[in-house]
Peer 1: 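This is the structure I have questions about; it appears just below.
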There are 2 protein chains.
Amino acid sequence: MENALRDAGVRITRQRRLLVQVLAEADDHPDANALHRRAHANDPKVSLATVYRTLSVLEEAGVIDRHAFEGKPARFETSDRPHHDHLIDLETGAVIEFRSEKIERLQAEIAAELGYDIVHHRLELYARKQG
Amino acid sequence: MENALRDAGVRITRQRRLLVQVLAEADDHPDANALHRRAHANDPKVSLATVYRTLSVLEEAGVIDRHAFEGKPARFETSDRPHHDHLIDLETGAVIEFRSEKIERLQAEIAAELGYDIVHHRLELYARKQG
DNA sequence: CCATTGTTGCAAATAATTCTCAACTGCATT
DNA sequence: AATGCAGTTGAGAATTATTTGCAACAATGG
């Protein structure tokens, strides 16, 4: 991942290397604060401002994704996994990932009809188990 | 709409009546600040805090919908209109409504395949004008 | 018309994120 | 290995969106 950054012309600093590592090790979807806490454990000198700045840089470079769930703080994950959307089970809160080529295509068509190119999208299905 | 509120046990105050009116007249998707500005024009005494409080009350009563688009402040619209999804212009922040029967159908199919019935969903396209 | 209870305005509090600026550090070059 | 400089950092102040505490006020039932 570090190489990908270097190639994108991003200067590799101690704190950036640390954050990349923390993100790579995360199997959840931490927010900026959680990342700061984790990085801080390894290097108490890393500041929250730098976490925010670095997250923007990494997002810009395309190595992480930023997810904005309702009102809540933004959460991040490495973008090495394939794109997917989410179905949320309203009773259990479980999150099921899915992907539909057809929907992706339709979205692009709709945007094109309106004169737009999609940069990214958000699709969440809130559902209940069939009776 | 006022009756719907009364039925929901919501006390009708001068400022609530005004905000309901402003919302009913809005054909865009204003945020709390914009609503405050518009209400303020009619009654300079209405405060921003009350706008926020009233919006929560109206949402609770089910007469308006709150949309939390990425990072940006929440935006509102009356919920008396037929269902639609949103395309957000990343440059101007403009919100364009659209509806696709095909996507609706596909969503239902996907949910069904996973053993679910959709209760509601959220689809947002973040896009940029075609060059 | 009065009492009760909910509502408002104001200002201060919170929460998430960005910015300012002086000190510091990658890294290309010598 | 030393040097220059543009990019980066830390600390805290600033900003933006929203919520809250509290005393004054007003809507509805009786």
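All heavy atoms count here, side chains included; hydrogens, waters and symmetry mates do not. Quick note on labels: first sequence line is chain A, next is B, and so on, each numbered from 1.
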Peer 1: For B:P44 and for B:V10, find the nucleotide of DNA chain C with the closest heavy atom, then tell me which residue's nucleotide is more 5'.
Peer 2: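 The residue mapped nearer the 5' terminus is B:V10.
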
Peer 1: Within the structure, does a side-chain N or O atom of B:T13 lie under 4.0 Å from either OP1 or OP2 of D:dA26?
Peer 2: no

Peer 1: Would you kindly give the CZ-to-P distance between B:R75 and D:dT18, to the nearest whole Å?
Peer 2: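 From B:R75 CZ to D:dT18 P: 11 Å.
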
Peer 1: Can you tell me how far C1' of D:dG10 sits from CG of A:L19, to the nearest Å?
Peer 2: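 Taking CG of A:L19 and C1' of D:dG10, I get 14 Å after rounding.
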
Peer 1: Atom CG of B:L55 to atom P of D:dT20: distance rounded to whole Å?
Peer 2: 15 Å

Peer 1: Starting at CG of A:D43 and ending at C1' of D:dT9, how long is that distance when rounded to a whole Å?
Peer 2: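 Going from CG in A:D43 over to C1' in D:dT9 covers 11 Å.
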
Peer 1: With respect to the side chain of B:A74, which nucleotide from D:dT18, D:dG10, C:dG9 is positioned closest?
Peer 2: D:dT18

Peer 1: Looking at the side chain of A:R11, which of D:dT8, D:dT28, D:dT20 is the nearest nucleotide?
Peer 2: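 So the side chain of A:R11 is nearest to D:dT8.
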
Peer 1: Across the strands shown, which category fits B:R6 at heavy-atom distances under 4.0 angstrom: base, sugar-phosphate, nothing?
Peer 2: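 Since only primed, P, OP1 and OP2 atoms lie under 4.0 Å of B:R6, the category is sugar-phosphate.
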
Peer 1: Before giving the answer on salt bridge (charged side-chain N to carboxylate O under 4.0 Å, His left out), spell out for B:K102 and B:E104 the whole-Å C-alpha distance, their side-chain angles and the decisive distance to 0.1 Å.
Peer 2: CA-CA 5 Å; B:K102 281 191 207 161; B:E104 302 286 323; over 6 Å; no

Peer 1: Under 4.0 Å between a side-chain N/O of B:T50 and OP1 or OP2 of C:dG9, yes or no?
Peer 2: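 For B:T50, the contact criterion (side-chain N or O under 4.0 Å from OP1 or OP2 of C:dG9) is met.
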
Peer 1: Whole-Å distance between C:dT8 C1' and B:I12 CD1?
Peer 2: 15 Å

Peer 1: Write down the distance between CG (A:L5) and C1' (D:dG7), rounded to a whole number of angstrom.
Peer 2: 15 Å

Peer 1: Can a donor-acceptor pair under 3.5 Å be found between the side-chain atoms of B:R53 and the base atoms of C:dG6?
Peer 2: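 Counting by modelled atom types and ignoring angles, no donor-acceptor contact under 3.5 Å is found here.
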
Peer 1: Heavy-atom nearest nucleotide on DNA chain D for B:R14 versus B:R66: which residue maps closer to 5'?
Peer 2: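 The residue closer to the strand's 5' end, by nearest nucleotide, is B:R66.
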
Peer 1: Any chance the rings of A:H83 and A:H121 have centres within less than 6.0 Å?
Peer 2: yes

Peer 1: In terms of side-chain heavy atoms of A:Q15, which of C:dT8, D:dA26, D:dT9 is nearest?
Peer 2: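 It is D:dT9.
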
Peer 1: Examine B:F98 together with B:H86 and report whether their ring centres are nearer than 6.0 Å.
Peer 2: no

Peer 1: Count the heavy atoms belonging to other residues, nucleotides or ligands that lie under 6.0 Å from CZ of A:R128, then report whether that count exceeds 12.
Peer 2: no

Peer 1: Quickly work out the B:E60 CD to C:dT7 C1' distance and round it to whole Å.
Peer 2: 16 Å

Peer 1: Any chance CD of B:E60 has more than 12 other-residue heavy atoms, nucleotides or ligands included, within less than 6.0 Å?
Peer 2: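 Count not over threshold, so no.
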
Peer 1: May I ask you to verify if any side-chain N or O of B:Y52 is less than 4.0 angstrom from the OP1 or OP2 atom of D:dT19?
Peer 2: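 Checking D:dT19 against B:Y52, no side-chain N or O comes under 4.0 Å of OP1 or OP2.
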
Peer 1: Under 4.0 Å, counting only non-hydrogen atoms across every strand here, what does A:K45 touch: a base, just sugar-phosphate, or nothing?
Peer 2: sugar-phosphate

Peer 1: Given atom CZ of A:R16 and atom C1' of D:dT8, what is their separation to the nearest angstrom?
Peer 2: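 About 6 Å, once rounded to whole Å.
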
